[in-house]
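Below: one structure, written as C-alpha coordinates.
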Amino acid sequence: MSGHSSYEPKTAFGKWFHERLPVMDLVKGQALDFPTPKNLNYWWTFGGILAVMLVVQIVTGVVLVMHYTPNTDLAFSSVEHIMRDVNYGWLLRYMHANGASMFFIAVYIHIFRGMYYGSYKAPREILWMIGVIIYLIMMATAFMGYVLPWGQMSFWGAKVITNLFSAIPFFGDAITHWLWGGFAVDNPTLNRFFSLHYLLPFVLAGVVGLHIWALHIPGNNNPTGVSVKGAQDTVPFHPYYTMKDGFAIVVFLLFYAGWVFFAPNFLGHAINYAEANPLSTPAHIVPEWYYLPFYAILRAITFNIGPLDAKLLGVIAMFGSIIILFFLPWLDTSKVRSGTYRPIFKQFFWLFVINCVLLGFAGSGAPDNYFLSHEAADPTKWALTYNVVGKICTAFYFLYFLVILPVVGLLESPKPLPPSISDAVLAKNNKASAVPAE
Ligand code: HEM
(Lines give C-alpha, C1' and ligand atoms only; values in the text may rest on other atoms or scores of the structure.)
Protein backbone atom coordinates (compact mmCIF):
# COMPACT_ATOMS: atom_id res chain seq x y z
CA MET A 1 0.00 0.00 0.00
CA SER A 2 2.88 2.38 -0.66
CA GLY A 3 1.60 5.87 -1.38
CA HIS A 4 2.19 7.10 -4.90
CA SER A 5 2.95 10.73 -5.39
CA SER A 6 1.14 13.34 -7.41
CA TYR A 7 3.73 16.02 -6.74
CA GLU A 8 3.66 18.84 -9.30
CA PRO A 9 6.27 21.56 -8.79
CA LYS A 10 4.60 24.98 -8.76
CA THR A 11 7.58 27.26 -9.45
CA ALA A 12 10.24 27.30 -12.14
CA PHE A 13 12.90 26.63 -9.48
CA GLY A 14 10.76 23.80 -8.08
CA LYS A 15 10.56 22.22 -11.53
CA TRP A 16 14.31 22.66 -12.13
CA PHE A 17 15.10 21.07 -8.76
CA HIS A 18 12.55 18.27 -9.15
CA GLU A 19 14.07 17.18 -12.48
CA ARG A 20 17.47 16.86 -10.79
CA LEU A 21 16.48 15.48 -7.37
CA PRO A 22 12.84 14.40 -6.95
CA VAL A 23 13.05 14.44 -3.14
CA MET A 24 9.75 16.28 -2.75
CA ASP A 25 8.13 13.43 -4.62
CA LEU A 26 9.27 11.11 -1.87
CA VAL A 27 8.14 13.47 0.91
CA LYS A 28 4.73 13.93 -0.66
CA GLY A 29 4.15 10.26 -1.44
CA GLN A 30 5.66 8.73 1.71
CA ALA A 31 4.87 11.39 4.31
CA LEU A 32 2.20 13.93 3.36
CA ASP A 33 -0.18 11.87 1.21
CA PHE A 34 0.62 8.47 2.69
CA PRO A 35 -2.69 6.58 3.10
CA THR A 36 -3.03 5.89 6.83
CA PRO A 37 -5.84 3.94 8.53
CA LYS A 38 -8.36 6.44 9.82
CA ASN A 39 -8.79 4.80 13.23
CA LEU A 40 -5.27 5.02 14.71
CA ASN A 41 -5.42 5.87 18.43
CA TYR A 42 -2.85 7.73 20.56
CA TRP A 43 -0.75 4.59 21.08
CA TRP A 44 0.26 5.05 17.42
CA THR A 45 1.88 8.41 18.17
CA PHE A 46 4.85 6.86 19.96
CA GLY A 47 6.73 6.08 16.74
CA GLY A 48 6.85 9.80 15.98
CA ILE A 49 7.72 10.58 19.61
CA LEU A 50 10.63 8.12 19.38
CA ALA A 51 11.92 9.79 16.23
CA VAL A 52 11.85 13.16 18.02
CA MET A 53 13.68 11.72 21.04
CA LEU A 54 16.39 10.27 18.81
CA VAL A 55 17.00 13.74 17.35
CA VAL A 56 17.01 15.33 20.84
CA GLN A 57 19.59 12.77 22.03
CA ILE A 58 21.84 13.34 19.02
CA VAL A 59 21.68 17.14 19.23
CA THR A 60 22.26 17.37 23.01
CA GLY A 61 24.95 14.67 22.77
CA VAL A 62 26.89 16.45 20.02
CA VAL A 63 26.96 19.67 22.05
CA LEU A 64 27.91 17.85 25.28
CA VAL A 65 30.89 16.31 23.48
CA MET A 66 32.23 19.79 22.79
CA HIS A 67 33.00 20.04 26.53
CA TYR A 68 33.55 16.41 27.54
CA THR A 69 36.92 14.62 27.76
CA PRO A 70 37.01 10.82 27.35
CA ASN A 71 39.99 10.17 29.60
CA THR A 72 39.85 8.44 32.98
CA ASP A 73 41.76 11.31 34.62
CA LEU A 74 39.50 14.03 33.24
CA ALA A 75 36.09 12.54 32.36
CA PHE A 76 34.48 13.03 35.78
CA SER A 77 35.71 16.59 36.19
CA SER A 78 34.80 17.48 32.61
CA VAL A 79 31.20 16.48 33.40
CA GLU A 80 31.29 18.62 36.57
CA HIS A 81 32.69 21.44 34.43
CA ILE A 82 29.70 21.05 32.09
CA MET A 83 27.34 21.18 35.09
CA ARG A 84 28.92 24.26 36.70
CA ASP A 85 30.80 26.36 34.14
CA VAL A 86 29.38 25.77 30.67
CA ASN A 87 26.46 28.06 29.80
CA TYR A 88 23.31 25.95 30.16
CA GLY A 89 25.56 22.91 30.50
CA TRP A 90 23.37 21.63 33.34
CA LEU A 91 20.37 21.80 31.00
CA LEU A 92 22.16 19.96 28.22
CA ARG A 93 23.31 17.24 30.55
CA TYR A 94 19.97 16.80 32.31
CA MET A 95 18.19 16.77 28.94
CA HIS A 96 20.53 14.07 27.65
CA ALA A 97 20.43 11.90 30.79
CA ASN A 98 16.66 12.15 31.26
CA GLY A 99 16.18 11.99 27.49
CA ALA A 100 17.56 8.46 27.60
CA SER A 101 14.90 7.49 30.15
CA MET A 102 12.15 9.16 28.10
CA PHE A 103 13.39 7.31 25.01
CA PHE A 104 13.02 4.01 26.88
CA ILE A 105 9.57 4.88 28.28
CA ALA A 106 8.45 5.63 24.71
CA VAL A 107 10.02 2.50 23.27
CA TYR A 108 8.42 0.26 25.91
CA ILE A 109 5.00 1.76 25.16
CA HIS A 110 5.70 1.34 21.42
CA ILE A 111 6.68 -2.32 21.88
CA PHE A 112 3.72 -3.18 24.14
CA ARG A 113 1.38 -1.43 21.69
CA GLY A 114 2.75 -3.68 18.93
CA MET A 115 2.32 -6.75 21.13
CA TYR A 116 -1.28 -5.93 22.05
CA TYR A 117 -2.47 -5.12 18.54
CA GLY A 118 -0.48 -7.94 16.89
CA SER A 119 1.52 -5.49 14.74
CA TYR A 120 4.31 -8.09 14.50
CA LYS A 121 2.15 -10.53 12.52
CA ALA A 122 2.25 -11.05 8.75
CA PRO A 123 2.95 -9.03 6.69
CA ARG A 124 4.91 -6.93 9.26
CA GLU A 125 7.42 -9.51 10.57
CA ILE A 126 10.49 -7.75 9.13
CA LEU A 127 9.27 -4.40 10.45
CA TRP A 128 9.02 -5.96 13.91
CA MET A 129 12.42 -7.67 13.69
CA ILE A 130 14.07 -4.41 12.64
CA GLY A 131 12.40 -2.92 15.74
CA VAL A 132 14.05 -5.57 17.94
CA ILE A 133 17.43 -4.72 16.37
CA ILE A 134 16.77 -1.03 17.14
CA TYR A 135 16.00 -1.96 20.74
CA LEU A 136 19.27 -3.91 21.06
CA ILE A 137 21.26 -0.97 19.65
CA MET A 138 19.45 1.38 22.07
CA MET A 139 20.42 -0.82 25.02
CA ALA A 140 24.08 -0.96 23.96
CA THR A 141 24.19 2.80 23.34
CA ALA A 142 22.65 3.73 26.70
CA PHE A 143 24.91 1.29 28.56
CA MET A 144 28.05 2.82 27.05
CA GLY A 145 26.75 6.35 27.61
CA TYR A 146 26.29 5.67 31.31
CA VAL A 147 29.98 4.75 31.60
CA LEU A 148 31.19 8.11 30.22
CA PRO A 149 30.80 10.33 33.36
CA TRP A 150 33.18 7.88 35.06
CA GLY A 151 31.30 7.88 38.35
CA GLN A 152 31.23 4.94 40.76
CA MET A 153 28.17 3.33 39.16
CA SER A 154 29.58 3.97 35.65
CA PHE A 155 32.72 2.06 36.52
CA TRP A 156 31.16 -0.78 38.49
CA GLY A 157 28.26 -1.17 36.06
CA ALA A 158 30.77 -1.49 33.21
CA LYS A 159 32.72 -4.04 35.21
CA VAL A 160 29.71 -6.21 36.04
CA ILE A 161 28.27 -6.20 32.52
CA THR A 162 31.55 -6.74 30.64
CA ASN A 163 32.42 -9.51 33.11
CA LEU A 164 29.29 -11.39 32.02
CA PHE A 165 31.11 -12.33 28.83
CA SER A 166 33.68 -14.21 30.91
CA ALA A 167 30.96 -16.82 31.52
CA ILE A 168 31.30 -17.98 27.88
CA PRO A 169 33.17 -21.33 27.93
CA PHE A 170 36.79 -21.41 26.67
CA PHE A 171 36.88 -17.93 25.09
CA GLY A 172 35.17 -15.97 27.89
CA ASP A 173 38.26 -14.34 29.40
CA ALA A 174 39.76 -13.54 26.00
CA ILE A 175 36.50 -11.86 24.91
CA THR A 176 36.32 -9.81 28.12
CA HIS A 177 39.91 -8.61 27.76
CA TRP A 178 39.24 -7.77 24.13
CA LEU A 179 36.20 -5.68 25.19
CA TRP A 180 38.23 -3.90 27.86
CA GLY A 181 41.23 -3.28 25.60
CA GLY A 182 43.45 -4.47 28.46
CA PHE A 183 43.27 -6.40 31.72
CA ALA A 184 40.84 -4.13 33.56
CA VAL A 185 38.10 -1.57 32.90
CA ASP A 186 40.38 1.41 32.28
CA ASN A 187 41.22 4.22 29.89
CA PRO A 188 41.08 2.11 26.68
CA THR A 189 37.63 0.87 27.78
CA LEU A 190 36.39 4.41 28.35
CA ASN A 191 37.77 5.50 24.97
CA ARG A 192 36.16 2.74 22.96
CA PHE A 193 32.84 3.16 24.78
CA PHE A 194 32.95 6.86 23.96
CA SER A 195 33.69 6.17 20.31
CA LEU A 196 30.84 3.65 20.02
CA HIS A 197 28.42 5.76 22.05
CA TYR A 198 28.93 8.56 19.53
CA LEU A 199 28.67 6.24 16.52
CA LEU A 200 25.67 4.07 17.39
CA PRO A 201 22.93 6.75 17.41
CA PHE A 202 23.76 7.43 13.75
CA VAL A 203 23.59 3.71 13.01
CA LEU A 204 20.27 3.80 14.85
CA ALA A 205 19.06 6.63 12.61
CA GLY A 206 19.91 4.49 9.55
CA VAL A 207 18.12 1.45 10.95
CA VAL A 208 15.09 3.63 11.81
CA GLY A 209 15.06 4.58 8.11
CA LEU A 210 14.78 0.87 7.26
CA HIS A 211 12.08 0.52 9.93
CA ILE A 212 9.95 3.23 8.29
CA TRP A 213 10.59 1.72 4.86
CA ALA A 214 9.45 -1.68 6.10
CA LEU A 215 6.39 0.06 7.59
CA HIS A 216 5.50 1.78 4.34
CA ILE A 217 5.40 -1.45 2.31
CA PRO A 218 2.41 -3.06 4.13
CA GLY A 219 1.27 0.24 5.70
CA ASN A 220 0.19 0.68 9.32
CA ASN A 221 -1.70 -1.88 11.31
CA ASN A 222 -4.59 -0.35 13.30
CA PRO A 223 -6.58 -0.98 16.52
CA THR A 224 -8.97 -3.44 14.84
CA GLY A 225 -6.11 -5.38 13.22
CA VAL A 226 -8.36 -5.68 10.13
CA SER A 227 -6.44 -4.88 6.92
CA VAL A 228 -7.22 -1.77 4.90
CA LYS A 229 -9.83 -2.75 2.25
CA GLY A 230 -9.89 0.45 0.21
CA ALA A 231 -9.56 4.22 0.12
CA GLN A 232 -12.59 4.64 2.43
CA ASP A 233 -10.54 3.09 5.28
CA THR A 234 -7.69 5.61 5.12
CA VAL A 235 -6.94 9.32 5.36
CA PRO A 236 -3.81 11.12 4.12
CA PHE A 237 -1.08 11.32 6.78
CA HIS A 238 -1.08 15.11 6.50
CA PRO A 239 -2.89 16.96 8.03
CA TYR A 240 -4.67 14.26 10.08
CA TYR A 241 -1.71 12.50 11.66
CA THR A 242 0.78 15.35 11.51
CA MET A 243 -1.65 17.14 13.86
CA LYS A 244 -2.33 14.14 16.09
CA ASP A 245 1.38 13.20 16.32
CA GLY A 246 2.32 16.88 16.79
CA PHE A 247 -0.08 17.22 19.73
CA ALA A 248 1.20 14.00 21.34
CA ILE A 249 4.81 15.09 20.85
CA VAL A 250 4.13 18.40 22.64
CA VAL A 251 2.45 16.62 25.57
CA PHE A 252 5.34 14.15 25.76
CA LEU A 253 7.91 16.96 25.69
CA LEU A 254 6.08 18.63 28.60
CA PHE A 255 6.26 15.38 30.56
CA TYR A 256 9.99 15.19 29.72
CA ALA A 257 10.51 18.82 30.77
CA GLY A 258 8.86 17.96 34.10
CA TRP A 259 11.66 15.49 34.84
CA VAL A 260 14.42 17.77 33.56
CA PHE A 261 13.34 20.81 35.58
CA PHE A 262 11.77 19.30 38.70
CA ALA A 263 13.39 15.91 39.32
CA PRO A 264 16.54 15.73 37.17
CA ASN A 265 18.32 13.22 39.40
CA PHE A 266 15.34 11.11 40.42
CA LEU A 267 15.98 8.43 37.80
CA GLY A 268 19.76 8.38 38.38
CA HIS A 269 21.95 7.09 41.19
CA ALA A 270 23.41 9.48 43.78
CA ILE A 271 26.59 7.41 43.96
CA ASN A 272 27.43 8.32 40.39
CA TYR A 273 28.31 11.78 41.71
CA ALA A 274 31.35 10.13 43.34
CA GLU A 275 34.29 9.60 40.98
CA ALA A 276 35.08 6.02 39.85
CA ASN A 277 37.30 4.20 42.33
CA PRO A 278 38.46 0.71 41.34
CA LEU A 279 39.44 0.02 44.97
CA SER A 280 36.03 0.69 46.51
CA THR A 281 33.09 -1.47 45.44
CA PRO A 282 29.65 0.09 46.11
CA ALA A 283 27.48 -1.99 48.44
CA HIS A 284 24.73 -2.26 45.86
CA ILE A 285 25.40 -2.21 42.11
CA VAL A 286 22.21 -1.64 40.08
CA PRO A 287 21.69 -0.64 36.48
CA GLU A 288 19.42 2.14 35.24
CA TRP A 289 15.68 1.44 35.61
CA TYR A 290 15.19 0.42 31.98
CA TYR A 291 17.52 -2.58 32.35
CA LEU A 292 16.13 -3.80 35.67
CA PRO A 293 13.80 -6.53 34.29
CA PHE A 294 16.73 -8.07 32.41
CA TYR A 295 18.98 -7.73 35.44
CA ALA A 296 16.37 -9.71 37.42
CA ILE A 297 16.37 -12.45 34.75
CA LEU A 298 20.19 -12.57 34.85
CA ARG A 299 20.17 -13.02 38.64
CA ALA A 300 17.23 -15.44 38.67
CA ILE A 301 19.37 -18.41 37.69
CA THR A 302 21.27 -19.41 40.81
CA PHE A 303 21.70 -23.12 40.08
CA ASN A 304 23.89 -25.16 37.72
CA ILE A 305 22.36 -27.50 35.15
CA GLY A 306 24.77 -30.34 34.28
CA PRO A 307 28.00 -28.83 32.95
CA LEU A 308 26.41 -25.36 32.55
CA ASP A 309 27.07 -23.14 35.54
CA ALA A 310 24.61 -20.64 36.99
CA LYS A 311 26.44 -17.57 35.69
CA LEU A 312 26.45 -18.83 32.10
CA LEU A 313 22.79 -19.86 32.37
CA GLY A 314 21.89 -16.42 33.72
CA VAL A 315 23.64 -14.77 30.77
CA ILE A 316 21.86 -17.11 28.33
CA ALA A 317 18.49 -16.38 29.99
CA MET A 318 19.09 -12.62 29.86
CA PHE A 319 20.09 -12.51 26.19
CA GLY A 320 17.45 -15.16 25.41
CA SER A 321 14.73 -12.94 26.87
CA ILE A 322 15.41 -10.38 24.12
CA ILE A 323 16.30 -12.80 21.32
CA ILE A 324 12.94 -14.53 21.84
CA LEU A 325 11.25 -11.34 20.59
CA PHE A 326 12.62 -12.08 17.11
CA PHE A 327 10.47 -15.23 17.05
CA LEU A 328 7.29 -13.61 18.33
CA PRO A 329 5.61 -13.46 14.88
CA TRP A 330 5.75 -17.28 14.75
CA LEU A 331 5.16 -18.03 18.43
CA ASP A 332 1.75 -16.34 18.36
CA THR A 333 -0.40 -18.83 16.46
CA SER A 334 -3.59 -16.75 16.33
CA LYS A 335 -4.77 -15.50 12.94
CA VAL A 336 -6.49 -12.53 14.62
CA ARG A 337 -4.15 -9.56 15.07
CA SER A 338 -5.77 -7.20 17.55
CA GLY A 339 -6.01 -8.13 21.23
CA THR A 340 -9.35 -6.28 21.33
CA TYR A 341 -11.02 -9.34 19.75
CA ARG A 342 -9.06 -11.94 21.72
CA PRO A 343 -10.67 -12.36 25.18
CA ILE A 344 -8.18 -14.88 26.61
CA PHE A 345 -5.05 -13.41 25.04
CA LYS A 346 -6.02 -10.00 26.41
CA GLN A 347 -5.91 -11.23 30.01
CA PHE A 348 -2.56 -12.94 29.59
CA PHE A 349 -1.21 -9.85 27.85
CA TRP A 350 -1.97 -7.67 30.90
CA LEU A 351 -0.51 -10.34 33.20
CA PHE A 352 2.62 -10.18 31.04
CA VAL A 353 2.80 -6.39 31.42
CA ILE A 354 2.42 -6.68 35.22
CA ASN A 355 5.05 -9.43 35.19
CA CYS A 356 7.52 -7.13 33.40
CA VAL A 357 6.94 -4.41 36.01
CA LEU A 358 7.45 -6.95 38.80
CA LEU A 359 10.66 -8.12 37.12
CA GLY A 360 11.79 -4.50 37.20
CA PHE A 361 11.18 -4.34 40.97
CA ALA A 362 12.87 -7.73 41.38
CA GLY A 363 15.96 -6.36 39.62
CA SER A 364 16.13 -3.29 41.84
CA GLY A 365 16.86 -4.88 45.23
CA ALA A 366 19.56 -6.97 46.86
CA PRO A 367 18.68 -10.61 45.96
CA ASP A 368 18.52 -11.85 49.56
CA ASN A 369 16.44 -9.00 50.97
CA TYR A 370 12.71 -9.34 51.59
CA PHE A 371 10.84 -8.13 48.50
CA LEU A 372 10.21 -4.36 48.61
CA SER A 373 12.20 -4.02 51.83
CA HIS A 374 15.83 -3.26 52.72
CA GLU A 375 15.89 -5.94 55.39
CA ALA A 376 17.91 -9.12 54.79
CA ALA A 377 15.73 -12.26 54.84
CA ASP A 378 16.26 -14.99 57.44
CA PRO A 379 18.43 -17.53 55.53
CA THR A 380 17.07 -20.44 57.60
CA LYS A 381 13.46 -19.88 56.45
CA TRP A 382 11.75 -19.64 53.09
CA ALA A 383 11.02 -15.99 52.30
CA LEU A 384 9.68 -13.90 49.47
CA THR A 385 12.97 -12.24 48.53
CA TYR A 386 13.83 -10.19 45.47
CA ASN A 387 15.47 -13.29 44.06
CA VAL A 388 12.40 -15.49 44.58
CA VAL A 389 10.15 -12.92 42.85
CA GLY A 390 12.73 -12.70 40.06
CA LYS A 391 12.65 -16.48 39.63
CA ILE A 392 8.85 -16.70 39.47
CA CYS A 393 8.57 -13.78 37.05
CA THR A 394 11.39 -15.11 34.84
CA ALA A 395 9.53 -18.43 34.59
CA PHE A 396 6.32 -16.61 33.61
CA TYR A 397 8.19 -14.45 31.07
CA PHE A 398 9.40 -17.47 29.11
CA LEU A 399 6.15 -19.38 29.69
CA TYR A 400 4.25 -16.51 28.07
CA PHE A 401 6.23 -16.70 24.83
CA LEU A 402 6.88 -20.44 24.62
CA VAL A 403 3.61 -21.93 25.92
CA ILE A 404 0.83 -19.40 26.52
CA LEU A 405 0.97 -17.56 23.17
CA PRO A 406 1.16 -20.69 20.97
CA VAL A 407 -1.53 -22.54 22.94
CA VAL A 408 -3.98 -19.65 23.44
CA GLY A 409 -3.77 -18.86 19.73
CA LEU A 410 -4.95 -22.39 18.94
CA LEU A 411 -7.64 -22.79 21.61
CA GLU A 412 -9.25 -19.38 21.92
CA SER A 413 -12.38 -18.40 19.97
CA PRO A 414 -11.99 -14.76 19.01
CA LYS A 415 -14.87 -12.29 18.98
CA PRO A 416 -16.32 -11.49 15.53
CA LEU A 417 -14.18 -8.98 13.63
CA PRO A 418 -15.72 -5.90 11.99
CA PRO A 419 -15.97 -6.33 8.20
CA SER A 420 -13.76 -3.28 7.67
CA ILE A 421 -12.07 -0.37 9.43
CA SER A 422 -14.83 1.97 8.20
CA ASP A 423 -17.50 -0.33 9.65
CA ALA A 424 -15.70 -0.37 13.01
CA VAL A 425 -15.44 3.44 13.06
CA LEU A 426 -19.10 3.90 12.10
CA ALA A 427 -20.25 1.35 14.68
CA LYS A 428 -18.33 3.25 17.37
CA ASN A 429 -19.78 6.59 16.26
CA ASN A 430 -23.33 5.19 16.20
CA LYS A 431 -22.87 3.75 19.68
CA ALA A 432 -21.59 7.12 20.94
CA SER A 433 -24.48 9.06 19.36
CA ALA A 434 -27.02 6.52 20.72
CA VAL A 435 -26.22 7.67 24.28
CA PRO A 436 -29.11 9.94 25.31
CA ALA A 437 -28.10 13.55 25.99
CA GLU A 438 -28.46 14.63 29.61
C1 HEM B 1 14.30 4.55 17.78
C2 HEM B 1 13.31 3.72 17.96
C3 HEM B 1 12.10 3.61 17.07
C4 HEM B 1 11.55 4.55 16.22
C5 HEM B 1 12.04 5.96 15.94
C6 HEM B 1 10.37 3.93 15.63
C7 HEM B 1 9.55 4.56 14.73
C8 HEM B 1 8.34 4.06 14.28
C9 HEM B 1 7.34 4.82 13.58
C10 HEM B 1 7.43 6.31 13.20
C11 HEM B 1 6.28 4.00 13.35
C12 HEM B 1 4.94 4.37 12.72
C13 HEM B 1 4.05 5.02 13.77
C14 HEM B 1 3.64 4.09 14.88
O15 HEM B 1 3.12 3.01 14.59
O16 HEM B 1 3.89 4.43 16.06
C17 HEM B 1 6.64 2.69 13.86
C18 HEM B 1 5.86 1.55 13.77
C19 HEM B 1 6.19 0.30 14.28
N20 HEM B 1 7.28 0.01 15.08
FE21 HEM B 1 8.76 1.31 15.57
N22 HEM B 1 10.24 2.65 16.11
C23 HEM B 1 11.26 2.41 17.00
C24 HEM B 1 11.46 1.25 17.71
C25 HEM B 1 10.71 0.09 17.59
C26 HEM B 1 10.93 -1.12 18.33
C27 HEM B 1 12.00 -1.29 19.40
C28 HEM B 1 9.99 -2.03 17.91
C29 HEM B 1 9.77 -3.46 18.34
C30 HEM B 1 10.57 -4.21 18.99
C31 HEM B 1 9.18 -1.41 16.90
C32 HEM B 1 8.12 -1.99 16.22
C33 HEM B 1 7.23 -1.32 15.40
C34 HEM B 1 6.08 -1.92 14.77
C35 HEM B 1 5.66 -3.40 14.83
C36 HEM B 1 5.42 -0.90 14.06
C37 HEM B 1 4.14 -1.02 13.23
C38 HEM B 1 3.02 -0.56 14.08
C39 HEM B 1 1.69 -0.64 13.45
O40 HEM B 1 1.51 -0.16 12.33
O41 HEM B 1 0.82 -1.20 14.12
N42 HEM B 1 9.64 -0.11 16.74
N43 HEM B 1 7.89 2.76 14.44
Side-chain angles (χ1 to χ4, degrees), residues 1-3 30-31 34-58 61 99-142 200-228 233-235 237-238 240-242 244-249 252 290 294 321-329 331-332 336-340 356 401 421:
M1 199 190 57
S2 53
Q30 295 300 316
F34 192 74
T36 313
K38 57 181 173 188
N39 58 342
L40 298 188
N41 58 31
Y42 274 105
W43 299 118
W44 263 262
T45 62
F46 281 87
I49 289 171
L50 281 164
V52 170
M53 287 315 297
L54 179 58
V55 174
V56 170
Q57 288 306 89
I58 290 180
S101 281
M102 298 302 113
F103 206 162
F104 275 97
I105 290 180
V107 92
Y108 285 135
I109 294 177
H110 191 67
I111 294 174
F112 283 123
R113 182 283 316 262
M115 292 176 83
Y116 182 78
Y117 291 111
S119 297
Y120 48 81
K121 292 188 190 180
R124 297 182 184 79
E125 302 95 320
I126 297 292
L127 164 66
W128 169 262
M129 290 162 87
I130 294 175
V132 181
I133 293 172
I134 291 177
Y135 179 50
L136 283 168
I137 301 178
M138 275 178 70
M139 304 258 268
T141 308
L200 287 181
F202 296 95
V203 174
L204 205 54
V207 183
V208 167
L210 285 180
H211 190 63
I212 310 283
W213 188 3
L215 170 75
H216 279 208
I217 299 302
N220 290 85
N221 182 28
N222 66 86
T224 64
V226 175
S227 299
V228 167
D233 289 342
T234 65
V235 288
F237 190 80
H238 178 71
Y240 297 97
Y241 287 112
T242 40
K244 190 163 185 158
D245 281 1
F247 174 70
I249 287 166
F252 191 82
Y290 35 84
F294 302 103
S321 66
I322 302 174
I323 302 300
I324 206 167
L325 293 173
F326 281 110
F327 301 95
L328 181 57
L331 289 170
D332 183 350
V336 172
R337 288 199 192 99
S338 174
T340 312
C356 288
F401 287 106
I421 294 175

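Both ligands and their constituent atoms are indexed starting at 1 by order of listing.
Neither the backbone nor the side chain of Leu325 has a heavy atom within less than 4.0 Å of ligand 1. Counting heavy atoms closer than 4.0 Å to ligand 1, residue Ile212 contributes side-chain atoms (C-beta onward) but none from N, CA, C or O. Contacts between Met53 and ligand 1 below 4.0 angstrom, taking non-hydrogen atoms only, are absent altogether. Here Val107 has side-chain heavy atoms under 4.0 Å from ligand 1, and that is the only part of it that gets that close. With a 4.0 Å cut-off on non-hydrogen atoms, Ile111 touches ligand 1 through its side chain and not its backbone. Of the heavy atoms in Asn220, both backbone and side-chain atoms come closer than 4.0 Å to ligand 1.
Atom NE2 is the N/O/S atom of His110 found closest to atom 21 (Fe) of ligand 1.
Here the protein heavy atom with the shortest distance to atom 27 (C) of ligand 1 is Gly131 O, 2.9 Å. In terms of protein heavy atoms, atom 23 (C) of ligand 1 is closest to Leu50 CD1, 3.7 Å. Given atom 2 (C) of ligand 1, the protein heavy atom at minimum distance is Ile134 CG2, 3.4 Å.
Counting only heavy atoms from C-beta outward, the side chains of Val107 and Tyr290 never approach each other to under 4.5 Å. In this structure the side chain of Pro201 reaches within 4.5 angstrom of the side chain of Thr141, judged on heavy atoms. Counting heavy atoms from C-beta on, the side chains of Thr36 and Thr234 never come closer than 4.5 Å. Side chains of Asp233 and Val226 form no contact here, defined as non-hydrogen atoms less than 4.5 Å apart. Here the side chains of Ile49 and Met102 are not in contact, with every heavy-atom distance at 4.5 Å or above. Side-chain contact between Thr224 and Ser338: absent, with no pair of heavy atoms (C-beta onward) separated by less than 4.5 Å. You'll find the side chain of Ile323 reaches within 4.5 Å of the side chain of Phe326, heavy atoms only.
There is a side-chain donor-acceptor pair under 3.5 Å between Tyr117 and Asn41.
Evaluated for a side chain to side chain contact (heavy atoms under 4.5 Å, CB included) with Leu40, the options Tyr42, Trp44, Trp43 yield exactly one hit, Trp44.
Close contacts between ligand 1 and Val132 involve ligand atoms 30 (C) [criterion: under 4.0 Å to a heavy atom]. Near Leu215, meaning under 4.0 Å from any of its heavy atoms, are these atoms of ligand 1: 11 (C), 12 (C), 37 (C), 40 (O).
Checking only distances, Gly47 does come within under 3.5 Å of ligand 1, N or O to N or O. Between Thr45 and ligand 1, a contact under 3.5 Å exists for no N or O pair. For ligand 1, the polar-atom distance check finds no N/O of Trp43 at less than 3.5 Å from any of the ligand's N/O atoms. By the 3.5 Å distance cut-off applied to N or O atoms, Arg113 is counted among the residues near ligand 1. For Asn221, a nitrogen or oxygen atom sits less than 3.5 Å from a nitrogen or oxygen atom of ligand 1, counting backbone and side chain alike.
Residue contact check for ligand 1: Tyr117 places no non-hydrogen atom closer than 4.0 Å to it. The closest approach between a heavy atom of Val208 and any atom of ligand 1 is below 4.0 Å. At least one heavy atom of Trp44 lies less than 4.0 angstrom from ligand 1. The shortest heavy-atom distance from Leu127 to ligand 1 is under 4.0 Å.
Interatomic distance, OG1 of Thr45 versus CG of Leu50, reported as 9.5 Å (0.5 Å rounding).
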In a table with atom names and distances, give each donor-acceptor pair under 3.5 Å that connects a side chain of residues 127-138 to protein atoms at least two apart or in another chain.
{"from": "Trp128", "atom 1": "NE1", "to": "Leu325", "atom 2": "O", "distance (Å)": "2.8"}
{"from": "Tyr135", "atom 1": "OH", "to": "Tyr108", "atom 2": "OH", "distance (Å)": "2.8"}

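Here the shortest heavy-atom pairing between Gly219 and Phe34 reads CA-CZ, 4.3 Å.
Nearest to atom 31 (C) of ligand 1 by heavy-atom distance, out of His211, Met115, Arg337, is His211.
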